[in-house]
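We name chains A, B, ... by the order of the sequence lines, and we start the count at 1 in each one. Remember, it's a predicted structure, so these values are computed and weren't measured experimentally.
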Amino acid sequence: MTDQALLSAEDLHLSFGETKALDGASLHVRAGEVVALMGPSGSGKSTLLHCLAGILSPESGRVAYAGRDLTAMSDSERSGLRRGEFGFVFQFGQLVPELTCLENVALPLRLSGTSRRAAHRIAGEWLDRLEVGDVAGKRPGQASGGQGQRVAVARALVAKPRVVFADEPTGALDSLNGELVMKLFIAAAKETGAAVVLVTHEARVAAWSDREAVVRDGKVREQEYAR
Amino acid sequence: MSVSFALLGLLENGPRHGYDLKRTYDDTFGRDRSLHYGQVYSTMARLLKNGHVEVESEPGDGPDRKRYAITDAGITDVAEWIARPEKPELYLQSTLYTKVVLALLTGRDAAEVLDSQRAEHLRLMRELTRRKSAGDLADELICDHALFHLEADLRWLELTAARLDRLAAQVKP
Ligand SMILES: Nc1ncnc2c1ncn2[C@@H]1O[C@H](COP(=O)(O)OP(=O)(O)OP(=O)(O)O)[C@@H](O)[C@H]1O
Ligand SMILES: [Mg+2]
């Protein structure tokens, strides 16, 4: 089954001082599937996510994306990959505070060379799709937490990434807003065919995934591929 | 128990025939399982005996000629039932707790018991999440109720997993 994986981590090890954050972690993500990473606080979920996304490099082990070894790439190759193929949603703070919400969503398109006009039109469509068209002209600081997260989801998906990494995307929201963010997020990801790696400690959020993997003490217990 | 109150409450908006009452119940509450006619009639018979409903007969015969109407005593009963908080259920002696302790006592893998239960819970939560995102607001509310309860169980599973060593030390002879 491993050969079907779009993104995979094999036997990752990474320590911070004495702390073994990853201690033989492996995970496989297929194209278009939503995988929830669950597990206790400090178990290594975010560290694994950062390794999968090429933000952190493991001390040993291998991360492969579409058959390419991330750990063997140069920094600039890796950041090119992050910009071109990956999208990110974090708990908070990932929007540029000086830009409007529309400009924030347009940013990934602008960085990949889309004209300002086209980028703004597409960004506007994405804001509408996430039901936050009315905050287009506002700065992120003027939007509510739930609106801000939906803007962040729009920004993560606007450039049609093949994988979206989400670390506690609803962590700062109440149930109702968290619910709405997940519903729109997963629907949009499914529509664009993006795979999602979703870190969450909330079971109700994980219930939006296709399957879960439990991280404990830097190791992953991966539920069998099931469909 | 709550079926009888639900049927009684449905009569507050006006008298109904048995079959009409069943259909209204099924439409309003019967999402997963609809009522049997027999259950409607036996419940009505009991409510009739208690004086919570009365019968308005129409010309003709057969059970479906009867229209049930709620009495004042019936209305009071429904009001009291709605106002009375339900006793929160305690799961301390649940099957799961028994399984975990038994696994520890017999040297089986208690963490595995918790892990497979977690997977099972999540499987159901996933199904409910799918069902509610395809349904209307009523589906959403009903599924959410189940989801929050399952989530509470899952938290317990997680906490228990984290305390398994302590529990083992305590229950082992
Ligand atoms: N930059 C860092 N420097 C030092 N220690 C770190 C660093 N990042 C993570 N750690 C440690 O590595 C372990 C795993 O951390 P990680 O952030 O991956 O956990 P997590 O599962 O995401 O937890 P949480 O659910 O609380 O976010 C923890 O013990 C943490 O303290
Ligand atoms: Mg984390």
>> Between the side chains of B:Arg131 and B:Asp139, is the shortest nitrogen-to-carboxylate-oxygen separation below 4.0 Å, so that they form an ion pair?
In response: no

>> Assess whether a salt bridge exists between A:Glu33 and A:Arg30, defined as any Lys/Arg side-chain N lying under 4.0 Å from an Asp/Glu carboxylate O.
In response: yes

>> Need one label for A:Ser175: side chain, backbone, both or neither, based on atoms under 4.5 Å from any heavy atom in chain B.
In response: side chain

> What part of A:Met38 lies closer than 4.5 angstrom to a heavy atom of chain B: side chain, backbone, both or neither?
Replying inline: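 Contact with chain B involves the side chain of A:Met38 alone.
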
> What residue, out of B:Glu127, B:Arg155, B:Glu158, B:Lys132, has the most heavy-atom pairs lying under 4.5 Å from chain A?
Replying inline: B:Lys132

>> So for B:Leu147, is it side chain, backbone, both, or neither that comes closer than 4.5 Å to the heavy atoms of chain A?
In response: both

>> Assess the residue pair A:Glu222 and A:Arg211 against the criterion (salt bridge (charged side-chain N to carboxylate O under 4.0 Å, His left out)); give the C-alpha distance rounded to whole Å, side-chain angles, the decisive distance to 0.1 Å, and a yes or no.
In response: CA-CA 9 Å; A:Glu222 203 173 0; A:Arg211 65 185 172 93; 3.2 Å; yes

>> Before you tell me yes or no, could you show the steps for A:Glu103 and A:Leu107 under side chain to side chain contact (heavy atoms under 4.5 Å, CB included), namely the whole-Å CA-CA distance, both residues' side-chain angles and the distance that decides it to 0.1 Å?
In response: CA-CA 6 Å; A:Glu103 288 164 341; A:Leu107 197 57; over 6 Å; no

